Protein chains: 2
Amino acid sequence: MTSIPPRLVPAISSVYASGMEKTGQPTINDVARIAGVSKKTVSRVINRSPLLNEDTRKRVEEVIGDLGYIPNPQARALALGRNFLIGLVHDNPNAQTVMNVQQGMLEALYDTEFEMIVRPLNRGSLTMLDDLRHFLERQRPFGVLLMPPISENDVIAKLCADIGCRYVRMGSTELDSDEHMVASNDREAVRDATRHLIDLGHRRIGLVSGPHGFRSARERRLGFEDAMRDAGIALPRSMIADGDYRFESGLVAADRLLDVVPRPTAIFSCNDEMAAGVIHAACQRGLTVPRDLSVIGFDDTPIAAHMWPPLTTVRWPIATMARSAALKLIAGMTAQESDAAVSEPSLFRSTLIRRASVSAPAAE
Amino acid sequence: MTSIPPRLVPAISSVYASGMEKTGQPTINDVARIAGVSKKTVSRVINRSPLLNEDTRKRVEEVIGDLGYIPNPQARALALGRNFLIGLVHDNPNAQTVMNVQQGMLEALYDTEFEMIVRPLNRGSLTMLDDLRHFLERQRPFGVLLMPPISENDVIAKLCADIGCRYVRMGSTELDSDEHMVASNDREAVRDATRHLIDLGHRRIGLVSGPHGFRSARERRLGFEDAMRDAGIALPRSMIADGDYRFESGLVAADRLLDVVPRPTAIFSCNDEMAAGVIHAACQRGLTVPRDLSVIGFDDTPIAAHMWPPLTTVRWPIATMARSAALKLIAGMTAQESDAAVSEPSLFRSTLIRRASVSAPAAE
DNA sequence: CTTGTCATTGACACCGGTTTCCATTACACA
DNA sequence: TGTGTAATGGAAACCGGTGTCAATGACAAG
């Protein structure tokens with residue numbers, strides 16, 4: 001009546017064959033079998049458990065190396081109840097800015113088990129919040145990095161928190177607690193840039209502002225106003241034109257400012273793209289930059305250095321900020337960096353890059 | 001002696017409580033229990049199995065809706081032996097191009113269960129191939145989209161094939177079988193652009209080429225040579241200057257070309273960034289574009305429309321190509337698109353965009 | 001009434017890891 | 001030599017889905 005348990009047969013034959021046929025990928029079972037230990041022990045090696053004999057560890061590591069074994073991230077994610085995805089969520093129209101952020105994040109994630117996944121959102125779309133929720137609920141990324149301007153939205157930050165997803169917001173000013181934020185000092189930087197114009201002798205300085213509702217736009221405008229007030233220069237409403245961070249709006253805004261009599265001798269534009277529009281508009285009128293008009297931008301995108309004349313602008317350490325933000329997100333999750341990460345800085349300095357689009361105003 | 005089986009207690013109470021405590025996320029078991037069916041049936045609903053009673057489907061779908069149940073992508077990936085990640089692999093230095101590709105891919109992936117994951121590679125890095133292998137082996141994405149110039153590398157395509165990862169290569173010419181490629185007609189497009197210059201009366205036309213080893217650079221150069229040959233215009237070596245697709249190289253190349261006597265009256269640059277360098281160099285010499293020098297670029301990046309003067313250039317339907325490539329990657333994997341996807345086109349037309357950087361040459 | 005077919009459904013093993021809990025071993029100490 | 005304790009490794013359950021295959025029941029045909 002006692003029959004041989006049928007599972008013994010495959011069990012024996014599987015000693016040398018099982019597991020590697022399907023995909024050619026070795027599994028944890030293969031490693032365990034060949035190293036002569038249990039799965040658990042291999043798991044301990046992978047996860048750097050301290051309760052482990054040194055010899056055993058070495059033997060297992062050797063087998064892992066020989067086999068080229070790589071733990072299946074999906075299986076780990078399932079077992080651990082969390083995954084290794086770091087999301088980049090943005091609705092930023094500036095390609096170079098986004099790329100710089102990606103660059104910085106990848107630097108931080110390099111050599112970790114985390115992977116970056118990018119989710120652009122359509123700025124202004126009514127379904128934006130739903131799209132984001134959908135993304136977070138489906139992918140459940142371990143953490144997300146929120147880029148401006150979406151990072152300024154408290155509702156979105158709350159959504160992340162509610163879903164239980166770590167988040168860090170990149171911003172132009174302090175938006176959140178240290179743990180959830182990296183910020184730059186846009187206001188001061190713009191104040192310094194404007195002061196640079198004032199120091200050169202400019203008095204009629206125009207501002208092309210950013211879009212309403214953008215924190216960065218507000219900060220930059222405030223910085224501009226600070227500098228003018230500090231210098232005791234009146235700032236008539238006609239010297240401020242609204243932009244929306246896009247090239248075309250810079251064009252239109254500059255046209256308005258340059259129609260004012262007497263004409264401004266300098267224009268500060270809240271980003272480089274609009275500054276390109278300003279220069280474009282000036283050229284169309286036959287003005288020469290900087291002789292007839294000095295221009296300063298903000299961002300230091302490649303276009304700034306490449307346009308003619310090269311644009312004086314404010315450089316924002318965006319890749320560094322993104323790197324720091326990503327390190328905050330994975331803080332405590334990696335062996336080597338855990339201590340460094342908790343002390344990642346939250347505040348970064350933007351600095352003025354002087355190029356050829358600025359000079360002293362022509363004598364009148 | 002007959003004690004109540006202890007598991008009954010939690011079993012009974014769990015009808016309304018179990019499974020949802022840990023993360024707040026309902027699982028397939030919750031849905032099954034509440035709908036009064038088995039996991040498998042819920043799975044059938046999720047996967048749109050046809051072998052399913054309509055009433056059952058409705059009831060389960062209702063529960064899914066009520067609970068806000070979302071299948072765990074990691075668990076599905078594990079069970080199915082494949083995941084829902086589509087990788088974008090690139091070493092392209094042009095931010096706008098990369099963003100356009102991302103845009104196109106996301107359009108294709110929108111409303112599917114696939115997610116985009118981006119892996120930039122350091123162009124020219126010795127570890128590039130290893131980095132890519134590492135990425136593919138660790139993440140095992142369902143498919144990858146290879147952007148130029150890395151897409152031109154047959155070794156890399158073979159690596160994808162060996163690992164069992166679907167791939168589609170974006171290129172400037174036919175690189176692979178239809179299934180694995182989307183291409184544009186760079187050569188023809190450049191021929192047309194050059195002919196445009198010739199038709200306007202230009203005879204001394206300079207070329208700023210792209211880097212050696214880039215397929216796109218070769219195609220564009222060939223198109224240029226085609227047009228000159230067709231028109232019976234001699235093309236002295238001095239009228240060709242090497243660039244590497246970067247702004248600075250355009251600057252240097254233009255300096256070389258503009259030193260030639262007699263000076264060229266037009267320059268075709270193999271991309272916009274170098275064209276910006278050409279215009280920059282011309283401005284530095286006090287030349288006016290297009291009066292003294294006509295310039296044509298390639299790519300139609302935003303910088304082209306924003307620089308002064310606006311750049312005549314060749315527009316490459318990159319987002320459309322990327323969208324098509326992504327649809328090829330997921331062909332047969334989505335319910336609605338399966339038929340459309342197999343017939344995704346593989347060849348796309350680039351077209352000349354006429355702006356203000358080109359005019360007839362000045363009379364001599 | 002019996003049998004076969006089809007549509008529908010569920011039990012159970014499985015994907016490849018991690019975790020819990022227990023068994024074993026080694027070693028120090030009485 | 002007996003025993004308590006720490007270190008180590010293994011068996012089995014589990015994470016949340018999917019595949020296989022068999023069971024069920026309704027219905028038509030014989």
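Per chain, numbering begins at 1; letters A, B, ... match sequence-line order. Please read all numbers here as calculations on a predicted model, not as lab measurements.
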With a cut-off of less than 4.0 Å, is there a side-chain N or O of [X] near OP1 or OP2 of [N]?
| X | N | answer |
| --- | --- | --- |
| A:Thr41 | D:dG10 | yes |
| A:Ser43 | C:dT18 | yes |
| B:Asn47 | D:dT18 | yes |
| B:Arg76 | D:dG16 | no |
| B:Thr56 | C:dT9 | yes |

Tell me: [atom1] of [X] to [atom2] of [N], nearest whole Å?
| X | N | atom1 | atom2 | result |
| --- | --- | --- | --- | --- |
| A:Arg44 | C:dC21 | CZ | C1' | 11 Å |
| A:Arg33 | C:dG16 | CZ | C1' | 14 Å |
| A:Lys40 | C:dC21 | NZ | P | 13 Å |
| B:Ile28 | C:dA11 | CD1 | P | 14 Å |
| B:Lys58 | C:dT8 | NZ | P | 13 Å |
| A:Leu52 | D:dT8 | CG | P | 7 Å |
| A:Asp55 | D:dT8 | CG | C1' | 13 Å |
| B:Gln74 | D:dG17 | CD | C1' | 11 Å |

According to the interplanar angle, ranging from 0 to 90°, do the rings of A:His180 and A:Tyr167 count as parallel (below 30°), tilted (30 to 60°) or perpendicular (above 60°)? parallel
Base of C:dG17 paired with side chain of A:Lys39 (donor-acceptor, under 3.5 Å) | yes
Check: [Y] main-chain N/O paired with [X] side-chain donor or acceptor under 3.5 Å:
| X | Y | answer |
| --- | --- | --- |
| B:Asn83 | B:Gln139 | yes |
| A:Asn92 | A:Val98 | no |
| A:Arg140 | A:Gly164 | no |

Requested in this report: Could you check if a side-chain atom of A:Ile117 sits within less than 4.5 angstrom of a side-chain atom of A:Phe135, using non-hydrogen atoms only?
Outcome: yes
Contact class for B:Val42 (heavy atom, under 4.0 Å): base, sugar-phosphate, or nothing? nothing
Of the listed nucleotides ([options]), which one gets closest to any side-chain atom of [X]?
| X | options | answer |
| --- | --- | --- |
| B:Ala79 | C:dG10, C:dG16, D:dG16 | D:dG16 |
| B:Asn72 | D:dG17, C:dG10, D:dC15 | D:dG17 |
| B:Leu80 | D:dG19, C:dT18, D:dG16 | D:dG19 |

Sorted by position of nearest nucleotide on DNA chain C, 5' first, the leading residue of B:Gly36 and B:Leu78 is B:Gly36
